[in-house]
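As the structure is a prediction and not an experimental result, all values here were calculated from the model. Just the heavy atoms: all of them, side chains too, but no hydrogens, waters or symmetry mates, feed the values below.
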Amino acid sequence: MTNKANPLPPLDVLNSTFEIRDGELLTKVKWGRNRFPVGYRVGTLSKGYLLVKFEQKRYSVHRIIFYMTHGYCPEYLDHIDGNRLNNRIENLRPATQAQNLSNRTMSSNNTSGVKGVSWNKVKKLWEAEIGYNHQRKRLGYFKSLDLAEEFVDLARQLVHGDFANNGTHKGARY
């Protein structure tokens with residue numbers, strides 16, 4: 001959810017309703033038609049993210065936490081460790097769309113075990129590629145998986161910098 005499509009409520013309203021503790025959003029008032037007490041942890045899991053319904057609209061918990069902490073919320077937020085449920089402020093950072101995509105984990109249909117490396121049946125070599133500028137860029141073919149992995153990891157670090165994710169950290173699941 002981008003802040004253009006669904007702007008966050010005013011900061012003073014959020015601050016009077018919620019508090020942030022250890023990356024969780026807790027209520028300062030009774031919640032849900034007074035069914036839940038003060039201090040109730042809000043958030044319902046949807047597509048790997050925690051969402052909260054507030055004033056008849058759904059908001060991402062991590063966006064509210066960032067906004068309440070910094071006073072603004074960028075269009076894209078990145079979970080540094082790739083764990084969509086880790087909403088601690090030190091794990092959230094502003095990002096561009098390209099940076100956010102750079103920090104994606106390894107695809108679940110990956111068969112090589114190395115992000116960006118696949119077996120080319122025709123050439124009978126390992127093929128390395130990287131996402132760059134919204135396109136896939138072929139880096140080359142390699143005789144060994146280890147060499148392909150080393151090359152693609154280095155390329156990813158050079159191109160994506162702090163947002164590089166070699167597939168080593170994966171988001172936690174509920």
Side-chain angles (χ1 to χ4, degrees), residues 1-110 115-116 130-136 153 155-174:
M1 287 180 205
T2 64
N3 52 2
K4 290 179 185 175
N6 198 11
L8 292 166
L11 194 54
D12 61 333
V13 172
L14 291 173
N15 281 323
S16 66
T17 308
F18 301 112
E19 71 173 295
I20 302 164
R21 192 179 316 144
D22 297 325
E24 294 183 335
L25 201 57
L26 307 173
T27 60
K28 286 185 174 180
V29 295
K30 287 187 177 184
W31 189 255
R33 297 185 183 144
N34 296 325
R35 291 182 296 158
F36 301 109
V38 172
Y40 178 76
R41 180 181 64 101
V42 299
T44 303
L45 190 63
S46 177
K47 297 179 183 176
Y49 292 96
L50 287 176
L51 302 179
V52 61
K53 189 171 184 181
F54 183 70
E55 296 179 345
Q56 305 305 312
K57 294 181 183 176
R58 289 170 41 130
Y59 300 97
S60 299
V61 168
H62 67 282
R63 297 185 69 73
I64 291 175
I65 288 174
F66 191 91
Y67 180 51
M68 287 177 65
T69 303
H70 294 290
Y72 78 100
C73 193
E75 186 172 2
Y76 295 97
L77 274 177
D78 181 56
H79 287 82
I80 296 168
D81 68 0
N83 179 352
R84 296 174 178 180
L85 300 177
N86 181 358
N87 294 320
R88 295 176 190 277
I89 197 63
E90 59 272 11
N91 190 47
L92 301 174
R93 63 183 166 188
T96 64
Q97 182 182 24
Q99 288 170 326
N100 203 6
L101 290 171
S102 298
N103 195 19
R104 293 178 82 179
T105 58
M106 187 165 32
S107 171
S108 61
N109 64 0
N110 179 298
K115 183 178 175 185
I130 189 172
Y132 176 69
N133 203 17
H134 301 289
Q135 295 179 354
R136 300 300 295 166
D153 287 354
R156 194 176 293 110
Q157 194 62 46
L158 289 170
V159 172
H160 302 306
D162 289 340
F163 290 85
N165 177 346
N166 294 327
T168 54
H169 62 259
K170 298 180 190 266
R173 299 287 178 242
Y174 245 8

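Leu45 has its side chain within reach of Leu85: a pair of non-hydrogen atoms, C-beta onward, lies under 4.5 Å apart. Put simply, the side chain of His70 does not reach to within 4.5 Å of the side chain of Leu92, judged on heavy atoms. Residues Arg58 and Val52 form no side-chain contact, since every pair of their non-hydrogen atoms from C-beta on lies 4.5 Å or further apart. Contact of the Ile64 side chain with the Phe54 side chain is not registered, since no non-hydrogen atoms from C-beta on lie closer than 4.5 Å.
Distance check, rounded to the nearest 0.5 Å: CD1 of Ile89 to CD1 of Ile20 gives 6.5 Å. Here the OG1 atom belonging to Thr105 is positioned 12.0 Å from the CG atom belonging to Asn166, to the nearest 0.5 angstrom. The CG atom of Leu26 sits 11.0 Å away from atom OH of Tyr40, with the distance rounded to the nearest 0.5 Å. We find the CZ-CD distance between Arg88 and Glu24 to be 8.0 Å, quoted to the nearest 0.5 Å. Rounded to the nearest 0.5 angstrom, Leu77 CG and Tyr67 OH are separated by 13.0 Å. Here Met68 contributes atom CE and Asn15 contributes atom CG; the two are 4.5 Å apart, rounded to the nearest 0.5 Å.
Shortest non-hydrogen contact noted between Ala95 and Asn100 is CB-N, 4.1 Å. Between Gly48 and Arg84, the shortest heavy-atom distance links the atoms O-CB, 3.0 Å. When all heavy atoms of Leu8 and Cys73 are compared, the pair lying nearest together is CD1-CB, 3.8 Å.
When atom types are taken as modelled, the side chain of Asn133 and the backbone of Gln135 share no donor-acceptor pair closer than 3.5 angstrom. Of the possible polar contacts, one joining the Asn91 side chain to the Ile80 backbone as a donor-acceptor pair under 3.5 Å is found. Of the possible polar contacts, one joining the Arg63 side chain to the Pro74 backbone as a donor-acceptor pair under 3.5 Å is found. Side-chain N or O atoms of Thr27 include one that pairs as donor or acceptor with a backbone N or O of Gly39 at under 3.5 Å. Remark: the backbone N or O of Asn165 is not paired with any side-chain donor or acceptor of Asn103 at under 3.5 angstrom.
For Lys57, the NZ atom is loosely surrounded, since the number of other residues' heavy atoms within 6.0 Å does not exceed 12. Within 6.0 Å of atom CZ in Arg136, more than 12 heavy atoms from other residues, nucleotides or ligands are found, so the atom counts as buried in its surroundings. Other residues, nucleotides and ligands place no more than 12 heavy atoms under 6.0 Å from the CG atom of Asp162. With a 6.0 Å radius and a threshold of 12 heavy atoms from other residues, nucleotides or ligands, Tyr132 has its OH atom at or below the threshold.
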For this session: Evaluate the criterion side-chain contact (heavy atoms from CB on, under 4.5 Å) for residue pair Asp78 and Gln99; output intermediate values, then yes/no.
Result: CA-CA 8 Å; Asp78 181 56; Gln99 288 170 326; over 6 Å; no
Could you please spell out the steps behind the side-chain contact (heavy atoms from CB on, under 4.5 Å) verdict for His79 and Asn87? CA-CA 8 Å; His79 287 82; Asn87 294 320; 2.9 Å; yes
- Message: Evaluate Thr17 against Glu55 for side-chain contact (heavy atoms from CB on, under 4.5 Å), listing each step before the verdict.
- Response: CA-CA 11 Å; Thr17 308; Glu55 296 179 345; over 6 Å; no
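Neither side chain, His62 nor Asn86, offers a donor N or O lying under 3.5 Å from an acceptor on the other.
For the pair Arg93 and Phe163, the cation-pi test (distance below 6.0 Å, angle within 45°) is passed.
Considering Arg156, His160, Gln97 in turn, His160 is the only one that fulfils the side-chain hydrogen bond (donor to acceptor under 3.5 Å, both in side chains) rule with Ser102.
In this pair, Phe66 and Tyr72 present their aromatic rings perpendicular. The plane angle is above 60°, beyond the 30 to 60° band.
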